[in-house]
Each structure stands twice: as structure tokens, then as C-alpha cells.
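Encoded as C-alpha cells, the structure appears first; notes follow it.
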Amino acid sequence: MVQGAEAATTKRRGKAKAPPAGREGLSQEQLLKAYRDMLLIRRFEEKAGQLYGMGLIGGFCHLYIGQEAVVVGMQLCLQPGDQVITSYRDHGHMLATGMEARGVMAELTGRSGGYSKGKGGSMHMFSREKGFYGGHGIVGAQVSLGAGLAFANMYNDNGNVCLTYYGDGAANQGQVFESYNLAAVFKLPVVFIIENNKYGMGTSAERASASKDRSKDGTPWGIPGEQVDGMDVEAVQAAGERAVAHCREGKGPYILEMKTYRYRGHSMSDPAKYRTREEVQKMREQHDCIETARKKLLDSGLPEAELKKIDDEVKRIVADSAEFAQTSPEPDESELWTDILLEAR
């Protein structure tokens with residue numbers, strides 16, 4: 001098995017497409033795009049929370065508010081053909097990959113205009129066209145699936161990389177470490193991204209994990225890693241470039257621990273009484289990723305009117321998605337029998 005891994009790795013190295021290593025900071029144009037994408041995710045999630053409160057979204061709803069810099073910064077490092085897979089806190093990842101706000105919101109409200117025709121909801125949306133392979137409700141399950149996507153990249157010798165996201169709460173799952181081992185043995189082109197927002201459901205990571213530096217979790221398998229300020233989109237992009245380049249060069253997997261923070265509860269049903277309002281407010285005021293990017297853009301000489309245009313554009317997109325999500329028809333009864341596997345008897 002190891003011999004096969006070495007042969008496959010040697011073959012793949014011949015065609016690996018390696019971009020330059022991480023750049024120091026983003027251009028004004030790149031930062032402006034990042035600002036726009038982060039703002040879209042923020043406003044979309046705020047609207048989703050509102051619709052949930054109105055009873056228009058049922059089931060579970062895990063919002064990404066506060067963590068936007070992680071997925072937006074990493075997305076800047078990718079090329080066509082690369083893949084993204086994540087957990088149930090997935091709306092931001094969908095939007096960052098380019099999936100339409102209309103289709104995502106309509107899926108949340110269970111309408112036929114949704115990405116899964118209204119039958120999947122928050123945790124079951126996919127887009128092969130955009131390279132998004134789903135948000136997954138089983139804690140840590142997407143990590144082994146992400147390693148599988150990377151194995152396919154290695155096998156097909158296509159030079160593509162898979163970004164596999166999971167939270168600090170999932171980082172202690174056994175299948176995560178099994179995936180590390182497989183990825184290291186075959187030198188798979190996968191970036192394991194731990195979105196450490198400090199709380200796994202209602203438990204502080206400080207209490208739940210003996211590992212205080214999750215970027216070192218791959219040490220027994222020789223997997224390099226680094227901790228990153230996940231509230232700074234430029235820091236995320238720079239680290240992402242290093243990690244993705246490492247994978248494309250055939251050197252195997254890489255771990256990025258994104259030190260980030262969610263402003264809302266674990267899900268919409270979580271009152272988040274395990275932390276103080278002062279703690280959340282401090283993060284909003286001192287470390288908000290969108291406000292940081294906004295200040296950098298203004299300091300670079302960008303007119304405030306340009307940011308206002310983006311704000312207005314994002315508001316229109318989100319309002320349109322909410323309208324579509326409420327007016328799109330519900331799935332027809334015939335859809336009960338489509339897209340399922342029936343056991344032959």
C-alpha cells in the first residue's frame with residue numbers, strides 16, 4: 001500500500017501546478033472583493049436568522065457571523081477544479097464559492113428554487129459546478145470525505161487541492177486522526193482547516209481539549225501546520241497560499257488552525273449563556289474582520305462612496321434572496337420519490 005502511495009505521489013509531482021508562495025498583503029482590488037464577499041455572508045446570515053425567528057426556516061440553522069474572513073481568505077487561494085467541503089455551519093462557504101444567494105436561501109425555507117429543490121435544508125446543499133461538496137451534519141464526517149476527494153485528485157493526477165473545514169469541537173473525533181494518517185501516507189493534496197471559534201456547541205475549547213495548539217495535531221504523522229488569525233482576511237490568505245502551494249507541490253497535507261469567533265450561538269436555538277455579553281462585544285469592537293478590512297480600504301485611499309455602493313449592492317442581493325425564498329413554490333409531491341435510492345424487493 002505504501003509503495004503504491006509513493007508511486008502515485010511521484011507521478012503526480014510531475015504535473016503539480018504550484019503558484020507563488022503567500023504574498024504579503026492583498027492589493028486594494030483583492031481586499032475590496034474580500035470585503036464585499038464577507039459583507040454578503042454577514043448580511044445573508046443576519047437575514048437567515050431573521051427568517052428563522054419568523055418561523056420561515058425550520059430545523060437547524062447554524063450561522064457563520066463573525067467567521068467570514070476564514071472562508072473568504074482561503075477562497076482567494078484556489079483555482080478552478082479545487083474543492084471545498086465543510087460542516088453544518090456552511091452557508092458562508094456556499095456563498096464564498098460563488099453559489100447564488102437565491103438558491104441557498106430558498107433551500108433554507110424548503111422551496112423548490114433551492115439548491116436541493118427544497119428537500120435538504122441547511123445541511124444538505126451541494127454544487128459540483130462551484131466545487132462545493134456539502135455541509136455535513138455528522139460531526140467530523142466531512143474530514144474523511146475531504147481526504148477522499150484529495151485521494152481522487154492524487155489518483156487522477158489533476159493538480160487540484162481540497163479544503164476540508166471542521167470546527168474545534170470536531171477536532172477530537174477519531175475519524176479526523178484516521179484521515180490525517182491516510183493523507184500523510186499517500187501525501188494527499190488536502191488542507192485541513194480547523195475553524196477554532198473557541199466553543200464546541202456550549203463547551204469552551206479550553207475545557208474540552210488537552211491540545212492547546214491544534215496546528216500541531218498532525219505532528220505524529222509529520223503534517224506541518226500553523227495557527228492563523230482567522231479574524232484577519234489578509235493573514236488567512238497569506239497562510240492559505242503557503243498551505244495550498246505545499247499541497248500542489250506534492251508534499252502532502254497541511255493543517256491550518258484558524259483562531260476565529262462566532263458572535264451568535266452554536267445554532268439559532270442556543271442562547272449562548274456560557275459566555276458573557278462583554279466577551280462578544282469586545283470581539284465585535286476590537287477584532288471584527290469586516291470592520292478591519294473596511295478601515296484598511298479607507299486608509300489606502302479608497303473613497304467611502306465606493307464602500308457604500310458595495311453595501312447597497314449586498315443589501316439588494318440579500319433582500320432579493322429573501323423574497324425569492326418566500327415566493328418560490330414548495331416542492332411538488334412527486335419530488336418525494338426523486339433523488340432517493342429504493343431497495344429492490
Side-chain angles (χ1 to χ4, degrees), residues 37 41 44-45 48 57-64 67-68 70-72 74-75 78 80-153 156 158 160-171 173 175-176 178-179 182-183 188-195 197 253 256 258 262 266-268 321 325 331 335 338-341:
D37 292 347
I41 294 171
F44 181 94
E45 293 287 66
I57 294 176
F60 295 99
C61 186
H62 303 83
L63 303 181
Y64 200 62
Q67 299 181 212
E68 298 89 349
V70 176
V71 69
V72 170
M74 289 303 303
Q75 206 64 29
L78 300 188
D82 292 336
Q83 304 120 331
V84 171
I85 190 168
T86 188
S87 68
Y88 41 74
R89 198 178 307 281
D90 54 3
H91 313 151
H93 300 72
M94 298 174 199
L95 296 174
T97 59
M99 293 170 67
E100 294 291 333
R102 271 187 161 205
V104 177
M105 194 72 85
E107 188 61 38
L108 295 182
T109 58
R111 302 304 178 100
S112 61
Y115 270 97
S116 297
K117 303 178 184 178
K119 299 185 292 182
S122 181
M123 299 185 194
H124 302 93
M125 280 181 262
F126 303 82
S127 175
R128 290 186 65 182
E129 177 191 3
K130 300 298 183 181
F132 182 73
Y133 286 81
H136 296 265
I138 305 300
V139 177
Q142 75 279 7
V143 180
S144 53
L145 295 176
L149 288 166
F151 185 93
N153 292 337
N156 292 319
N158 58 23
N160 294 331
V161 173
C162 178
L163 302 187
T164 300
Y165 294 86
Y166 51 107
D168 53 278
Q173 289 284 319
Q175 59 196 318
V176 172
E178 293 172 5
S179 300
L182 182 74
L188 300 182
V190 54
V191 182
F192 295 112
I193 303 168
I194 305 170
E195 297 196 72
N197 59 26
L256 293 176
M258 300 293 178
R262 57 171 165 79
H266 173 71
S267 70
M268 283 297 295
S321 71
E335 285 293 334
T338 62
D339 304 317
I340 61 173
L341 293 175

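Here, residue 1 is the first one in the sequence, and each next residue gets the next number. Only this structure's heavy atoms are used, side chains among them; waters, hydrogens and symmetry mates stay out. Predicted, not measured: the structure shown is a model, and the values here were computed from it.
Remark: Asp168 pairs with no residue by the salt bridge (charged side-chain N to carboxylate O under 4.0 Å, His left out) rule, at least two apart or across chains. The side chain to side chain donor-acceptor pair (under 3.5 Å) test applied to Glu107 returns no partner, not counting sequence neighbours. For Arg102, the side chain to side chain donor-acceptor pair (under 3.5 Å) partners at least two apart in sequence or on another chain are Asp320. Partners of Tyr133 according to the ring-ring contact (aromatic ring centres under 6.0 Å, His included) rule, which considers only residues two or more places apart in sequence or in another chain, do not exist here. Residues that satisfy the side chain to side chain donor-acceptor pair (under 3.5 Å) test with Gln83, not counting sequence neighbours, are Asn153. Taking Leu145 as the reference, Ile85, His136 meet the side chain to side chain contact (heavy atoms under 4.5 Å, CB included) condition, with sequence neighbours excluded. Residues that satisfy the ring-ring contact (aromatic ring centres under 6.0 Å, His included) test with Phe44, not counting sequence neighbours, are absent from this structure. For Tyr165, the side chain to side chain donor-acceptor pair (under 3.5 Å) test picks out no residue, with sequence neighbours left out. With sequence neighbours excluded, no residue satisfies salt bridge (charged side-chain N to carboxylate O under 4.0 Å, His left out) with Glu178. Partners of Tyr166 by ring-ring contact (aromatic ring centres under 6.0 Å, His included), not counting sequence neighbours: none found.
Between Gly114 and Ala106, the closest heavy-atom pair is N-CB, 3.6 Å. When all heavy atoms are compared, the tightest approach of Val139 to Ala170 is CG1-CB, 3.6 Å. Ala96 and Val71 make their closest contact through CB-CG2, 3.8 Å (heavy atoms, listed as atom of the first residue, atom of the second, distance). The two atoms that bring Leu63 and Ala48 nearest to each other are CD2-CB, 4.2 Å, heavy atoms only. Contact between Gly110 and Pro331 at its shortest, heavy atoms only, is O-CD, 3.2 Å. Between Gln175 and Ser144, the shortest heavy-atom contact is OE1-OG, 3.9 Å.
Between Ile194 and Leu256 the shortest side-chain heavy-atom distance does not fall below 4.5 Å. By the 4.5 Å heavy-atom criterion applied to side chains, Asp82 and Leu163 are not counted as neighbours. Looking only at side-chain heavy atoms (C-beta outward), Asp90 and His62 stay at 4.5 Å or farther from each other. Between Thr164 and Ile193 there is no side-chain heavy-atom pair separated by less than 4.5 Å. Taking 4.5 Å as the limit, some side-chain heavy atom of Tyr64 sits within range of a side-chain heavy atom of Val70. Within the 4.5 Å cutoff, side-chain heavy atoms of Glu100 are placed close to those of Tyr115.
Contacts classified as salt bridge (Lys or Arg N to Asp or Glu O under 4.0 Å) and involving residues 110-124 (residues at least two apart or in different chains) are given here: Lys117-Asp339, Lys119-Glu335, Lys119-Asp339.
The aromatic rings of His266 and Tyr88 lie perpendicular to each other, with more than 60° between the two planes, well past the 30° mark.
Annotation: the span from Leu188 atom CG to Cys162 atom SG amounts to 10.0 Å, rounded to 0.5 Å. Glu68 CD to His93 NE2: the interatomic distance, rounded to the nearest 0.5 Å, is 11.0 Å. With rounding to the nearest 0.5 angstrom, the CG atom of Leu78 is 10.0 Å from the OG1 atom of Thr97.
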Which side-chain N or O atoms in residues 122-132 pair as donor and acceptor under 3.5 Å with protein atoms at least two apart or in another chain?
unit_1, atom_1, unit_2, atom_2, d
Ser122, OG, His91, NE2, 2.7
His124, ND1, Gly120, O, 3.0
Ser127, OG, Lys130, N, 3.2

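Checked by atom type and distance alone, the side chain of Asn156 never pairs as donor or acceptor with a backbone atom of Asn158 at under 3.5 Å. Formation of a donor-acceptor pair under 3.5 Å by the Asn197 side chain with backbone atoms of Arg262 is not found in this model.
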Check the pair Met268 / Phe60 against side-chain contact (heavy atoms from CB on, under 4.5 Å), numbers first and verdict last. CA-CA 7 Å; Met268 283 297 295; Phe60 295 99; over 6 Å; no
Full working for side-chain hydrogen bond (donor to acceptor under 3.5 Å, both in side chains) between Asp37 and Gln75: CA-CA 10 Å; Asp37 292 347; Gln75 206 64 29; over 6 Å; no
